[in-house]
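A short worksheet on the structure shown next.
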Amino acid sequence: MKREDFKNTKTIKGKRLSRSFFVRPDKDKTYGERSVKIAESLIGKFVVRRIGRKKIFGRIVEVEVYAGPKDRAAHSFGGKVTPRNKVMYQRGGHAYVYLVYGMHWQMNLVTGNEGEPQCVLLRALEVPEGGRIASGPGKLCRYLRLNKSFHGEDVTSSRRLWLEDRGEKIDLKDIVRAKRIGIDYAGPYWSSRRWRFYLKDSPAVSRR
DNA sequence: GTACAGATTGAG
DNA sequence: TCAATCTGTACT
């Protein structure tokens, strides 16, 4: 998306993604397939962060699925519940924000029904300023000024953080499906599972 | 209590 | 290649 296009998006009235976007009927037998669908449909949507009268926003170009309790890479693996990950067990539409490596925040969106820990990690945004300042999960949170206070935020009702559909239709063939990043510890099966999705040709994707 | 790895990043 | 730096987990 070019810089001029972002000027247009400022005047576009975006439609907030509601609960039904994050909590979907459980038709799929495969655990995590619902989150895969949600991950794909998040590509091209906008994250909006309001600070006073100012809005910071970006277009989602890269996400990853984490679907416990079977997923060895997910914090919910084995059905574990900790003070940190318990938000994952809430119904979809909540933000799961946590600190990695003691210095970087990451934001996930919970995508399961209540009691089914699934989420989608937001990894990269295209932003009006251009460049790669929100290209990576830690950089994305820094750009949006997200921290622990957003842990558990309900993005379907929050006044300071939400998701928007601005009418863009993304063709599925423009979405690349790849292995997740940084989870080699999860073993060959889970680390090779193609649960990372990014927009083909976007310069803002964290790694090619 | 201690030890250690980790859904990362930026500098060298 | 490596260090920064905090949280959860698996031990003693």
Side-chain angles (χ1 to χ4, degrees), chain A residues 22 31-40 42-43 47 56 58 60-90 92-112 116-127 129-153 155 161 163 175-199 202-208:
Chain A
F22 299 101
Y31 207 57
E33 279 309 303
R34 263 177 304 158
S35 296
V36 163
K37 293 277 190 327
I38 294 170
E40 285 173 340
L42 275 170
I43 301 289
V47 189
I56 306 174
I60 299 171
V61 294
E62 180 183 354
V63 296
E64 281 177 359
V65 168
Y66 287 88
K70 284 188 272 187
D71 182 2
R72 292 195 90 87
H75 292 159
S76 51
F77 174 64
K80 276 186 305 230
V81 182
T82 68
R84 182 176 72 169
N85 79 359
K86 66 180 181 191
V87 170
M88 279 184 80
Y89 293 81
Q90 295 188 295
H94 291 88
Y96 173 31
V97 180
Y98 79 99
L99 193 64
V100 253
Y101 298 107
M103 49 195 355
H104 303 294
W105 295 98
Q106 307 204 159
M107 181 170 74
N108 302 258
L109 298 169
V110 177
T111 52
E116 300 172 352
Q118 302 191 30
C119 62
V120 174
L121 170 68
L122 301 187
R123 287 194 56 93
L125 304 178
E126 277 182 13
V127 297
E129 297 88 329
R132 296 171 52 76
I133 54 175
S135 298
K139 295 166 82 176
L140 180 150
C141 284
R142 192 176 60 188
Y143 176 78
L144 293 174
R145 303 228 240 140
L146 300 177
N147 55 43
K148 192 167 196 169
S149 76
F150 288 84
H151 187 51
E153 191 90 352
V155 301
L161 179 68
L163 280 291
I175 297 178
V176 182
R177 194 169 173 162
K179 286 162 56 172
R180 292 177 291 178
I181 288 175
I183 53 151
D184 287 343
Y185 63 86
Y189 178 78
W190 290 101
S191 64
S192 65
R193 190 147 205 185
R194 290 159 63 232
W195 272 0
R196 175 181 177 226
F197 302 86
Y198 63 86
L199 188 60
S202 170
V205 168
S206 66
R207 288 197 229 167
R208 307 287 351 180

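Keep in mind that this is a model prediction, so the values were computed, not measured. Note on naming: letters A, B, ... go to the chains in the order of the sequence lines (proteins, then strands), and numbering restarts at 1 for each one.
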Using modelled atom types only, decide if a donor and an acceptor are shared between the side chain of [X] and the backbone of [Y] within a distance under 3.5 Å.
| X | Y | result |
| --- | --- | --- |
| A:N108 | A:C119 | no |
| A:Y96 | A:L121 | no |
| A:R132 | A:S206 | yes |
| A:S135 | A:A204 | yes |

When rounded to the nearest 0.5 angstrom, what is the spacing between CE in A:M88 and NZ in A:K80? 11.0 Å

Out of curiosity, A:I175 CD1 to A:F197 CZ, how far, rounded to the nearest 0.5 Å? 8.0 Å

Value in whole Å for how far the [atom2] atom of [N] lies from [atom1] of [X]:
| X | N | atom1 | atom2 | answer |
| --- | --- | --- | --- | --- |
| A:Y66 | B:dT8 | OH | P | 7 Å |
| A:M103 | B:dT8 | CE | P | 13 Å |
| A:M107 | B:dT8 | CE | P | 15 Å |
| A:I181 | B:dT9 | CD1 | P | 9 Å |
| A:R196 | B:dT8 | CZ | P | 10 Å |
| A:R72 | C:dT9 | CZ | P | 15 Å |
| A:Q106 | C:dT7 | CD | C1' | 13 Å |
| A:K80 | B:dG6 | NZ | P | 12 Å |

Compare side-chain N and O positions of [X] against OP1 and OP2 of [N] and report whether any pair is under 4.0 Å apart.
| X | N | value |
| --- | --- | --- |
| A:R142 | B:dG10 | yes |
| A:R123 | B:dT8 | yes |
| A:K148 | C:dC6 | no |

So what is the 5' to 3' dot-bracket string for DNA chain B, if pairs are Watson-Crick or G-U wobble with both distances under 3.5 Å, crossing pairs use [ ] and | means the partner sits on another strand? ||||||.||||.

Identify whether any heavy atom of [X] sits under 4.0 Å from a base atom; if not, whether one sits that close to sugar-phosphate; answer base, sugar-phosphate or nothing.
| X | answer |
| --- | --- |
| A:L121 | base |
| A:E64 | nothing |
| A:N108 | base |

Minimum-distance nucleotide to [X] side chain [options: [options]]:
| X | options | value |
| --- | --- | --- |
| A:R84 | C:dT9, C:dT7, B:dT9 | C:dT7 |
| A:Y101 | C:dG8, C:dC6, B:dG6 | B:dG6 |
| A:H104 | C:dC6, C:dG8, B:dT8 | B:dT8 |
| A:V100 | B:dT8, C:dG8, B:dG10 | B:dT8 |

With nearest nucleotides of DNA chain B determined for A:K139 and A:A186 from heavy-atom distances, which residue corresponds to the more 5′ nucleotide?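 Nearest nucleotide further toward 5': that of A:A186.
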
When the P atoms of C:dT5 and B:dG12 are compared, how many Å lie between them, rounded to an integer? 15 Å

Parallel, tilted or perpendicular: rings of A:Y98 and A:H75 (30°, 60°): perpendicular

Looking at A:R180 and A:E64, is there a salt bridge between them, counting it only when a charged N and a carboxylate O are closer than 4.0 Å?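 No.
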
